[in-house]
**Q** 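The following block contains the structure, expressed as structure tokens.
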Amino acid sequence: MTANAIQAMNCEQLLDLRPLTPGFGAEVLGLDLRDAPSPATLDALKQALDTHSLLVLRAQHISETQHVELSRGFGDLMIHVLKQFLTASHPEIYVLSNVAENGKPIGNHKEGWNWHSDLSYMAEPSMGSLLHAIEVPPEGADTLFASMHAAYEGLPVDMQERIRPLKAVHSYAGYYGKAFADRAPLSEEQKARTPDVIQPVVRTHPSTGRLSLYVGQDIVKEIQGLEPEEGAQLLADLNAHAIRDEFVYRHQWQAHDLVIWDNRCTMHCATPYDDNAYRRVMHRTTVKGDRPF
Ligand code: SIN
């Protein structure tokens with residue numbers, strides 16, 4: 001038996017895991033993260049994330065501090081460039097919300113309503129995110145997750161070969177301009193922190209060696225070396241392929257859910273809800289990753 005297989009077996013023994021789809025995602029049962037996980041449990045969670053790409057833990061009544069401490073167990077945390085949406089006590093927590101307090105939005109509303117992998121616009125993007133549901137609407141506002149391993153492996157071999165050497169430009173300024181055209185533009189400092197970056201279209205998972213598609217809507221500006229029309233068409237085709245039903249898990253949120261996902265091999269997309277009738281407050285931490293290859 002290989003070292004990886006033994007590790008995976010140990011992880012299955014330590015955690016009670018229930019698959020969410022035939023291909024990816026698992027619910028972790030019976031863990032209460034108010035008690036800091038032991039090093040062995042944390043290792044098992046990381047191993048489960050490598051295997052399943054996405055973990056759901058229901059009914060986690062954790063504080064902001066516990067959320068941040070748990071996230072640090074996965075690696076260094078990234079601080080979002082939109083500082084106005086970080087919590088006052090924990091700048092590692094980025095708030096997604098339609099709620100305003102004292103006339104000021106407490107979080108970024110309509111963030112992530114496009115298919116993307118978190119912070120792919122950074123040279124060293126996020127390896128994973130931990131999203132904690134504080135308040136959720138009774139309907140709508142699901143989050144869709146796509147397995148980019150399954151999407152890549154589901155491509156015809158000639159397409160896999162064609163795209164494997166390609167590189168794409170990821171642009172936060174480009175995304176921001178499209179998603180938030182009604183807001184003040186990014187400041188010079190924010191732009192300086194988020195220059196366009198070049199990422200591979202197919203990336204290798206550093207822990208498992210599995211390949212995955214690394215694309216996204218709005219955030220990917222162009223594919224290098226292709227005529228603009230050809231590149232735009234290829235990108236649209238790859239994005240459409242990646243979000244086919246068989247690659248997607250739909251998460252219907254309950255308050256206090258914690259969802260942990262691997263940004264190196266998934267994309268996700270938040271969905272709309274009646275934001276006049278309902279409040280949604282979500283807290284996200286993002287764990288730093290390595291340069292994609
Ligand atoms: C995100 O894009 O990270 C947030 C997804 C969501 O709000 O459901």
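Order of appearance sets the numbers: ligands from 1, and atoms from 1 within every ligand. Note: hydrogens, waters and symmetry copies are ignored here, and every other heavy atom, side chains too, is used.
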**Q** Under the rule for side chain to side chain donor-acceptor pair (under 3.5 Å), what residues qualify as partners of Arg210, not counting sequence neighbours?
**A** Glu153

**Q** Kindly say whether Tyr278 contributes a backbone atom to a donor-acceptor pair with the side chain of Asn98 at under 3.5 angstrom?
**A** yes

**Q** If the threshold is 4.0 Å, N to carboxylate O, is there a salt bridge linking Lys83 and Glu189?
**A** yes

**Q** Present, as a list of atom pairs with distances to 0.1 Å, all nitrogen or oxygen contacts under 3.5 Å between ligand 1 and the protein.
**A**
{"from": "ligand 1", "atom 1": "2 (O)", "to": "His116", "atom 2": "NE2", "distance (Å)": "3.0"}
{"from": "ligand 1", "atom 1": "2 (O)", "to": "His268", "atom 2": "NE2", "distance (Å)": "3.1"}
{"from": "ligand 1", "atom 1": "3 (O)", "to": "Asp118", "atom 2": "OD1", "distance (Å)": "3.4"}
{"from": "ligand 1", "atom 1": "3 (O)", "to": "His268", "atom 2": "NE2", "distance (Å)": "3.1"}
{"from": "ligand 1", "atom 1": "3 (O)", "to": "Arg284", "atom 2": "NH1", "distance (Å)": "2.8"}
{"from": "ligand 1", "atom 1": "7 (O)", "to": "Arg280", "atom 2": "NH1", "distance (Å)": "2.9"}
{"from": "ligand 1", "atom 1": "8 (O)", "to": "Thr143", "atom 2": "OG1", "distance (Å)": "2.5"}
{"from": "ligand 1", "atom 1": "8 (O)", "to": "Arg280", "atom 2": "NH2", "distance (Å)": "2.9"}

**Q** Could you work out, with ring pair (Phe, Tyr, Trp, His ring centres under 6.0 Å) as the rule, every residue matching Trp253, not counting sequence neighbours?
**A** His251

**Q** Before we go on, tell me: are the rings of Tyr121 and His116 under 6.0 Å apart, centre to centre?
**A** no

**Q** How would you list, by chain and number, every residue that makes a ring pair (Phe, Tyr, Trp, His ring centres under 6.0 Å) with Phe180, sequence neighbours excluded?
**A** Tyr175, Tyr176

